[in-house]
Q: 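Dumping the structure here so I can ask a few things about it.
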Amino acid sequence: MLIKPILFIALSATSFATVVQTPAPTKATGNDFINVFETLSGKQAGVRKGHAKGVCATGEFEPSGQALHYSNSPLLRSGKNQANIRFSMAGGNPNADERARTPRGIGVQFITEKGEVHNIAGLTTPVFPGKSPEVFLGLLNTLVPNEQGKVDFKKVAEYRKQNPSTLGQFNWLQAHNPPSSYAHTTYFGIHTFYMVNDEGKHTPFRWQLVPETARKQLTDEQMTSLESSFLAKQLEQDLAQAPIHLQLQAVIGQAGDPVNDPSVQWPADREVIALGRLTLTASGKNQCDPTNFDPNLLAPGFAPSDDAVLKLRSSAYAISFGKRLTGQ
């Protein structure tokens, strides 16, 4: 389960003079996020609490060998690694509309030939909607309907105004139509990690998965004419034509780049290294259903940053995982 916003709705330029300010919570826990997800989307028994709607895929990862001076990880050495993949829609609704301006997500669990496990989890947006768990939780709280069942969008807009780190993802979504296929879009890791070499040097990086085929977005007409569920079928059709290839890349951070704020995108001129090629070979089965794609589960040769949002994912994922396995 990835922790991501559930509703992204364009807000009009309305006067906020009469809106009561809603400060961000002073703390946020994994349980807080599970509770607000269930409030927004209902208690979906046995379903992931975030990114509830998705489809599994399988494949393999072949490293390029270009990052060995940055990391001694077995994942980046020669050989092919098994890949267990899940594509998904943001939010806790298992019947989410796939035409909506919401992020798409990906979770990949790599398993090396020796059995080491490395997880990644990313979005189709290059930033996260909040600099901290508390700011993001406050945003989700503003989306909870009132007693009349309506969301107060003036309140949402005022909260965004007070917390500008929530605006980056929102603005990106308004400027980009959703992808036409899970296979033809770029996924961003958002968080900073470190590659660690034999000397113990830590090199900051953010990963991205870039399709080798052309990236395609839905047209405005398709966003109204397509069925609300088409992505799983489209992925199956794409795979029927040919294997799907995506390049796993590392964007290398420089001094001064924020490493603990996922709401800020690094400059576009940063060095990009090819880590390897992810090849999808099949989709549609349920082999990824029991997988917990916690991005803090890393193979040797990698280390997490002190990003508070990244850290919180482990507890939220674990709670969601436990509820899912016990039918809650």
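Reckoned from all heavy atoms, side chains included, excluding hydrogens, waters and symmetry mates.
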Q: Regarding Arg99 and Asp97, does a basic nitrogen lie under 4.0 Å from an acidic carboxylate oxygen?
A: yes

Q: Before you tell me yes or no, could you show the steps for Arg48 and Phe293 under side chain to side chain contact (heavy atoms under 4.5 Å, CB included), namely the whole-Å CA-CA distance, both residues' side-chain angles and the distance that decides it to 0.1 Å?
A: CA-CA 11 Å; Arg48 294 174 193 264; Phe293 291 100; 4.0 Å; yes

Q: To the nearest 0.5 angstrom, please state how far the CD atom of Glu38 sits from the OG atom of Ser320.
A: 8.5 Å

Q: Kindly determine whether Val55 and Tyr182 satisfy side chain to side chain contact (heavy atoms under 4.5 Å, CB included), including the steps that lead there.
A: CA-CA 10 Å; Val55 59; Tyr182 282 135; 3.7 Å; yes

Q: So do Val36 and Leu40 actually touch side chain to side chain, heavy atoms under 4.5 Å?
A: yes

Q: So, for Pro258 and Val264, which heavy atoms are closest and what is the spacing to 0.1 Å?
A: CG-CG1, 3.7 Å

Q: What heavy-atom pair brings His184 and Thr213 nearest, and what distance separates the two atoms?
A: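 Distance-wise, the nearest heavy atoms are ND1-OG1, 2.8 Å.
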
Q: For the pair Phe205 and Phe302, evaluate side chain to side chain contact (heavy atoms under 4.5 Å, CB included) and give the outcome as yes or no after the intermediate values.
A: CA-CA 10 Å; Phe205 78 100; Phe302 294 96; 3.8 Å; yes

Q: A side-chain contact here means heavy atoms from C-beta on lying under 4.5 Å apart; do Leu246 and Val210 qualify?
A: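 No. Closest side-chain heavy atoms not under 4.5 Å.
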
Q: For Asp307, enumerate each residue passing the side chain to side chain contact (heavy atoms under 4.5 Å, CB included) test, keeping only those at least two apart in sequence or located in another chain.
A: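 Asp307 satisfies side chain to side chain contact (heavy atoms under 4.5 Å, CB included) with His191, Asn260, Pro262, Ser305, Val309, Leu310 once adjacent residues are dropped.
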
Q: Sorted by first residue and then second, give each disulfide (SG to SG under 2.5 Å) pair with at least one member in residues 254-302; sequence neighbours left out.
A: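 Matches after skipping sequence neighbours: Cys56-Cys288.
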
Q: Through direct or indirect side-chain contacts below 4.5 angstrom among Ile, Leu, Val, Met, Phe, Trp and Tyr, which residues connect to Leu325?
A: Phe321

Q: Could you check whether Lys80 pairs with Glu113 (Lys NZ or Arg NE/NH1/NH2 to Asp/Glu carboxylate O, under 4.0 Å)?
A: no

Q: So Gln82 and Glu60, side chain to side chain donor-acceptor pair (under 3.5 Å) or not? Walk me through it.
A: CA-CA 5 Å; Gln82 177 185 341; Glu60 61 184 22; over 6 Å; no

Q: Okay, side chain of Tyr187, backbone of Ala121: is any donor-acceptor separation there less than 3.5 Å?
A: no

Q: Hydrophobic clustering (ILVMFWY, side-chain heavy atoms < 4.5 Å, transitive) - are Val117 and Ile85 grouped together?
A: no

Q: Should Phe193 and Val272 be regarded as members of a common hydrophobic cluster, given that ILVMFWY residues are connected when their side-chain heavy atoms come within less than 4.5 Å of each other, either directly or indirectly?
A: no

Q: Would you say that Leu218 contacts Phe230 through its side chain, given a criterion of any heavy-atom pair below 4.5 Å between the two side chains?
A: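 Yes. Closest side-chain heavy atoms under 4.5 Å.
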
Q: Within the structure provided, determine whether Leu173 and Pro103 are in side-chain contact (heavy-atom separation under 4.5 Å).
A: yes

Q: Do Met89 and Leu231 touch side chain to side chain, with heavy atoms closer than 4.5 Å?
A: yes

Q: Identify the two heavy atoms, one from Ile252 and one from Met195, that lie closest to each other, and give their separation to 0.1 Å.
A: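 Closest approach of Ile252 to Met195: CD1-CE, 3.7 Å.
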
Q: Any donor and acceptor pair, going by atom type alone, linking the side chain of Gln241 with main-chain N or O of Asp238 inside 3.5 Å?
A: no

Q: Can you confirm whether Val47 sits close enough to Arg324 that some side-chain heavy atom of one is under 4.5 Å from a side-chain heavy atom of the other?
A: no

Q: Check this for me, if you would: do Asp289 and Arg86 make a salt bridge, where the nitrogen-to-carboxylate-oxygen distance has to be below 4.0 angstrom?
A: no

Q: When rounded to the nearest 0.5 angstrom, what distance separates NZ in Lys155 from OG1 in Thr142?
A: 7.0 Å

Q: How close do Ser88 and His51 get, counting heavy atoms only, and between which atoms?
A: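 Heavy-atom minimum between the residues: OG-ND1, 2.7 Å.
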
Q: Hey, could you give me the OG/CD distance between Ser73 and Glu116, rounded to the nearest 0.5 Å?
A: 7.5 Å

Q: With distance as the sole criterion, is a donor-acceptor pair present between the side chains of Thr186 and Arg215 under 3.5 Å?
A: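 Their side chains do contain a donor-acceptor pair, which is all the 3.5 Å distance test asks for.
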
Q: Does the Ser71 side chain pair with the main chain of Gly301, one donor and one acceptor, at a distance under 3.5 Å?
A: yes

Q: Taking it one step at a time, do Asp306 and Lys311 satisfy side chain to side chain contact (heavy atoms under 4.5 Å, CB included)?
A: CA-CA 7 Å; Asp306 287 329; Lys311 288 183 175 181; 3.5 Å; yes

Q: Does Glu147 CD have over 12 foreign heavy atoms under 6.0 Å away?
A: no

Q: Determine, using the 4.5 Å side-chain heavy-atom cutoff (strictly less than), whether Ile273 and Leu209 are members of one ILVMFWY cluster.
A: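 Yes, Ile273 and Leu209 fall within the same hydrophobic cluster.
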
Q: Would the distance check show the side chain of Gln169 and the main-chain N or O of Val127 forming a donor-acceptor pair, the cut-off being under 3.5 Å?
A: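 Side chain of Gln169 to backbone of Val127: a pair is present.
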
Q: Cut-off 3.5 Å, side chains only: do Arg206 and Thr192 have a donor facing an acceptor?
A: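 Per modelled atom types, Arg206 and Thr192 side chains form a pair under 3.5 Å.
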
Q: Mind checking the OG1-CZ spacing from Thr166 to Phe136? Nearest 0.5 Å is all I need.
A: 10.5 Å

Q: Is there a side chain to side chain donor-acceptor pair (under 3.5 Å) between Asn163 and Ser165? Walk through the geometry before answering.
A: CA-CA 6 Å; Asn163 298 275; Ser165 68; 6.0 Å; no

Q: For the side chain to side chain donor-acceptor pair (under 3.5 Å) test, which of Thr291, Asn292, Asp294, Asn119 pairs with Gln109?
A: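 By the side chain to side chain donor-acceptor pair (under 3.5 Å) criterion, Gln109 pairs with just one of Thr291, Asn292, Asp294, Asn119: Asn119.
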
Q: In Å and rounded to the nearest 0.5 Å, what is the CD to CG distance from Glu158 to Asp152?
A: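 It is 10.5 Å, given to the nearest 0.5 Å.
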
Q: Are Val196 and Tyr70 close enough that some pair of their side-chain heavy atoms sits under 4.5 Å apart?
A: no

Q: With a 4.5 Å cut-off on side-chain heavy-atom distances among I, L, V, M, F, W and Y, is there a chain of contacts connecting Leu75 to Tyr194?
A: no

Q: Is the shortest side-chain heavy-atom distance between Pro178 and Arg104 below 4.5 Å?
A: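 In short, these two side chains touch, coming nearer than 4.5 Å.
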
Q: Could you check whether any side-chain N or O of Lys49 sits under 3.5 Å from a backbone N or O of Gln44, counting only pairs where one atom can act as donor and the other as acceptor?
A: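 A pair under 3.5 Å: yes.
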
Q: Report yes or no: does Asp257 contribute a side-chain atom to a donor-acceptor pair with the main-chain N or O of Gly253 at less than 3.5 Å?
A: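 No, Asp257 side chain to Gly253 backbone: no donor-acceptor pair under 3.5 Å.
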
Q: Determine the interplanar angle of the Phe188 and Trp172 rings, folded into 0 to 90°, and report it as parallel if under 30°, tilted if 30 to 60°, perpendicular if over 60°.
A: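 Phe188 and Trp172: perpendicular rings.
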
Q: Looking at every non-hydrogen atom in both residues, tell me the closest pair between Leu278 and Phe110 and how far apart they are.
A: CD1-CE2, 4.2 Å

Q: Please say whether more than 12 non-hydrogen atoms of neighbouring residues, nucleotides or ligands are located less than 6.0 Å from CD in Glu236.
A: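 Not buried by this count: 12 neighbours or fewer within 6.0 Å.
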
Q: Measure the NZ-CD distance between Lys323 and Gln328 for me, rounded to the nearest 0.5 Å.
A: 4.5 Å

Q: Please report the shortest heavy-atom distance between Tyr317 and Pro295, naming the atom on each side.
A: CE2-CD, 3.6 Å

Q: Mark yes or no for whether Lys131, through its side chain, and Ser263, through its backbone, hold a donor-acceptor pair below 3.5 Å.
A: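 Here the side-chain-to-backbone pair does not exist.
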
Q: Go through the steps for Ser41 and Asn93 under the test side chain to side chain donor-acceptor pair (under 3.5 Å), then give the verdict.
A: CA-CA 5 Å; Ser41 300; Asn93 180 5; over 6 Å; no

Q: Same cluster or not: Leu297 versus Val108, using hydrophobic residues (I, L, V, M, F, W, Y) connected whenever any side-chain heavy atoms lie under 4.5 Å apart?
A: no

Q: Against Trp207, only a single residue in Leu248, Ile190, Val251 fulfils side chain to side chain contact (heavy atoms under 4.5 Å, CB included); can you say which?
A: Leu248

